[in-house]
Amino acid sequence: MIVQAMGIVLFAPLVQGFIQWCKARLQNRRGPSPVQPYRNLYKLLAKDVVVAETASWITRITPFICFGAAFAVAALLPMTPAVSGISDLFLIVYLFGLSRFLMALAGLDSGNSFAGMGSSREMYLAVLVEPAFLLAIVASAGAAGTTVLGKMVENVSLHSFTLPYVLAAVAFFIVVIAECGRIPVDNPDTHLELTMFQEALLIEYSGRHLALLLWAVYVRQLVMMVLFVELFFPWNWLDLIPLSSLWVLFKIFLVGLLLAITETSSVKMRLFRLPNFLAASGLLSLLALVAR
């Protein structure tokens, strides 16, 4: 589990860089190198931390707890037989909720008005995303009859490509966009205060603390992508690529390209239109449950 978590943590910045590189190419720009996130993290880890005078211990411990929660989630992914039997869906959801809760507290703790605005928006988004997240997973877990991720993946791989799985896959992809802070829900490449969600929560952090928080965001993004490919597209055509692990990498980069295409072809939604966007995910999940 520790080796798996370390591999995911080290691989997560490359996936982020690949998405940024694909977006730049789709927009006819040269863009940064796919390894640029590693350079950014290395630069931030070498810098000192500056903490606001009004901040308390909550601001200081939040980066470590968020990174620890991301590391724990990475260890629980059903990518190896040793982990498949003990990784539970609700534990992963709770660990995500712990990170979101602490980030919102840290935004309020700093006393920065922009960070407080980001905390309120993050909680507003959490109320919309978490029910859609659970509905999409339950739609895929209905046939398996369990919330153990390893058994859910085995059940999906034994069934054909049916309509309920297609509906649940589209619903979960909408959740991936929202949970990763991607357009049209959020724009991770801007610092405009009128559109900030995630960036507003990070505005008071610097140095090593900022590096840990950014790294945790990258790991959460990769975890969502791995859940998407493992729960909805677990099939491998071994005649084309000999190793199943290489198939997982190929599907992760394919989802990254799909995210880049979605961001390039859409615009940022207004804040009060997000409930309609995420309600579509919940409706598709309910249709998947009914169709099953």
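All residue numbers refer to positions in the sequence shown, counting from 1. Quick caveat: nothing in here was measured; it's all calculated off a predicted structure.
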Got a second to check how far [X]'s [atom1] is from [Y]'s [atom2], nearest 0.5 Å?
X	Y	atom1	atom2	answer
Glu263	Ile19	CD	CD1	7.5 Å
Ile92	Leu77	CD1	CG	5.5 Å
Leu259	Leu254	CG	CG	10.0 Å
Leu227	Phe133	CG	CZ	6.0 Å
Met225	Leu258	CE	CG	9.0 Å
Leu102	Thr59	CG	OG1	10.5 Å

Within the structure provided, determine whether [X] and [Y] are in side-chain contact (heavy-atom separation under 4.5 Å).
X	Y	answer
Leu95	Leu76	yes
Leu210	Lys47	no
Val219	Val73	no
Phe96	Val93	no

What pair of heavy atoms forms the shortest contact from [X] to [Y], and how long is it?
X	Y	result
Val248	Glu230	CG2-OE2, 3.6 Å
Ala24	Gly31	CB-CA, 3.4 Å
Thr62	Leu213	O-CD2, 4.4 Å
Pro37	Pro13	CG-O, 3.4 Å
Gln4	Ala75	NE2-O, 3.5 Å
Ile2	Phe71	O-CZ, 4.2 Å

| message | Going by salt bridge (Lys or Arg N to Asp or Glu O under 4.0 Å), name the pairs with one or both residues in residues 94-120, residues two or more places apart or in two chains. | response |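 Applying salt bridge (Lys or Arg N to Asp or Glu O under 4.0 Å) to every pair that reaches into residues 94-120, excluding sequence neighbours, yields Arg100-Glu122, Arg100-Glu130, Arg100-Glu179.
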| query | When you look at Val255 and Val229, which way does the side chain to side chain contact (heavy atoms under 4.5 Å, CB included) test go after all the steps? | reply | CA-CA 8 Å; Val255 174; Val229 300; 3.6 Å; yes
| query | Listed by chain and number, what are the side-chain hydrogen bond (donor to acceptor under 3.5 Å, both in side chains) partners of Arg39, not counting sequence neighbours? | reply |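 Here the qualifying residues are Gln36.
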| message | Tell me if the CZ atom of Phe101 is crowded by more than 12 foreign heavy atoms within 6.0 Å. | response |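 Count not over threshold, so no.
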| said: Heavy-atom count check: over 12 atoms from other residues, nucleotides or ligands less than 6.0 Å from Met123 CE? | reply: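 Yes - once you tally the heavy atoms of other residues, nucleotides and ligands closer than 6.0 Å, there are more than 12.
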same_hphob_cluster([X], [Y]) at 4.5 Å side-chain heavy-atom cutoff:
X	Y	answer
Leu41	Val49	no
Tyr94	Ile65	no
Phe64	Trp57	no
Ile58	Leu98	yes
Phe90	Val223	yes

| said: If you apply the rule side chain to side chain contact (heavy atoms under 4.5 Å, CB included), what do you find for Phe67 with Val9, and how did you get there? | reply: CA-CA 10 Å; Phe67 186 81; Val9 168; 4.0 Å; yes
| field | Set of residues satisfying side-chain contact (heavy atoms from CB on, under 4.5 Å) with respect to Leu108, sequence neighbours excluded | value |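 Partners of Leu108 by the side-chain contact (heavy atoms from CB on, under 4.5 Å) criterion, ordered by chain and then number, come out as Ser119.
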| Pair listing, side-chain hydrogen bond (donor to acceptor under 3.5 Å, both in side chains) test, anchored in residues 202-220, at least two apart |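 Every side-chain hydrogen bond (donor to acceptor under 3.5 Å, both in side chains) pair that includes a residue of residues 202-220, provided the two are not neighbours, is Asn112-Glu204, Gln198-Arg220.
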| Does anything in residues 12-55 pair up under ring-ring contact (aromatic ring centres under 6.0 Å, His included), and if so which pairs, sequence neighbours excluded? |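 Qualifying pairs: Phe18-Phe253.
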Atom pairs and distances, donor-acceptor, side-chain atoms in residues 168-178, under 3.5 Å, two or more places apart:
none

| query | With distance as the sole test, does Gln20 use its side chain to make a donor-acceptor pair with the main-chain N or O of Pro34 at under 3.5 Å? | reply |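 Flag not set: sc Gln20 to bb Pro34 has no pair under 3.5 Å.
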